[in-house]
Amino acid sequence: MPRQPKPADISRIPGALRLYQVSSTITGVFLLLLCIEMVIKYGFGHQIELGGAQGFLALVPTDTVAAVNLSTGILIAHGWFYVLYLFADFRLWSLMRWPFWRFVLIALGGVVPTLSFIVEVPVARTVKRFLAENAEETAAIAEKAQAQA
């Protein structure tokens, strides 16, 4: 029988789900941008320059970027958003008390292009279904917490 979330953690699950959904979308978008950037860099030998002599946004030969290197910016941004994505994944996984394989599957969403968009839908559906099935318990816990505050 699968483990269920602790009753005290049920009120924290909606916030964890929102953080996961937002970070999943942002990480997925930056991963797609990173893939496009890698094709441009390694396939065509160019990098993306922002605010240089060629205009606001330009493709310049690799290692000749004189202004802001947007290619590196995309790489760095994806890396940091992936850290946020892993944190959100871990938080949701630990609150829901899922098996470890599910954590790994969700974590792969940040490194396999488009997987974050694909995995996010069933994860959100599962969590929302759990919350709907336990709505009374969640309301009772929220009332109890409000009474203590």
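This is a predicted model, so every value here is computed, not measured.
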Salt bridge (charged side-chain N to carboxylate O under 4.0 Å, His left out) pairs, two or more places apart, involving residues 55-67
none
Walk me through it: do Ile76 and Trp80 pass the test side-chain contact (heavy atoms from CB on, under 4.5 Å)?
CA-CA 6 Å; Ile76 292 170; Trp80 280 109; 3.7 Å; yes
Connected via hydrophobic side-chain network under 4.5 Å: Val65 and Leu57
no
Side chains of Gln47 and Leu59: does their closest heavy-atom pair fall under 4.5 Å?
no
Distance from Leu75 atom CG to Asn69 atom CG, nearest 0.5 Å?
9.5 Å
Any Lys/Arg nitrogen of Asp9 or Lys6 sitting under 4.0 Å from an Asp/Glu carboxylate oxygen of the other?
no
Nearest heavy atoms of Ser24 and Ser116, plus distance in Å
OG-O, 3.1 Å
dist Ser11:OG -> Leu95:CG (nearest 0.5 Å) comes out at 9.0 Å
Can you establish whether the number of heavy atoms outside Phe90 located under 6.0 Å from its atom CZ is more than 12?
no
With Ser71, which residues qualify under side chain to side chain donor-acceptor pair (under 3.5 Å), at least two apart?
Glu37
Working to the nearest 0.5 angstrom, can you tell me the gap between Leu31 CG and Phe81 CZ?
13.5 Å
Tell me who clusters with Val121, hydrophobic residues only, linked when side chains sit under 4.5 Å apart either directly or through other members.
none
Is there a donor-acceptor pair under 3.5 Å between the side chain of His46 and the backbone N or O of Phe44?
yes
To the nearest 0.5 Å, tell me how far Ile48 CD1 sits from Lys41 NZ.
10.5 Å
Same cluster or not: are Leu84 and Val111 linked, directly or through other Ile, Leu, Val, Met, Phe, Trp or Tyr residues, by side-chain heavy atoms under 4.5 angstrom apart?
no
Check Thr64 against Glu49 and note the closest heavy-atom contact, atom names and distance.
O-OE2, 4.4 Å
Taking the six-membered ring for Trp, are Phe100 and Trp93 parallel (under 30°), tilted (30 to 60°) or perpendicular (over 60°)?
perpendicular
Can Leu19 be reached from Phe103 by stepping across I, L, V, M, F, W or Y side chains whose heavy atoms are under 4.5 Å apart?
no
In the single-linkage hydrophobic clustering (I, L, V, M, F, W, Y; side-chain heavy atoms under 4.5 Å), do Leu34 and Tyr42 co-cluster?
yes
Over all heavy atoms of both residues, which pair between Gln54 and Val60 is shortest? Give the atoms and the distance, please.
OE1-CG1, 3.5 Å
When you compare the side chain of Trp98 with that of Val123, does any pair of heavy atoms fall below 4.5 Å?
yes
Using the rule that Ile, Leu, Val, Met, Phe, Trp and Tyr join whenever any side-chain heavy atoms are under 4.5 Å apart, tell me whether Ile74 and Ile26 fall into a single cluster.
yes
For Ala107 and Asp89 the tightest heavy-atom approach is N-OD2, 3.2 Å
Do you know the tightest heavy-atom contact between Tyr20 and Ala88?
CA-CB, 3.7 Å
Straight-line distance of Leu17 CG to Lys128 NZ, nearest 0.5 Å
6.0 Å
Heavy-atom pair of closest approach, residues Gly110 and Tyr85:
N-CE2, 3.5 Å
Per the side-chain contact (heavy atoms from CB on, under 4.5 Å) rule, which among Leu115, Val119, Leu86, Leu92 passes with Ile106?
Val119
Nearest 0.5 Å please: distance from the CD atom of Gln4 over to the CZ atom of Phe130.
5.5 Å
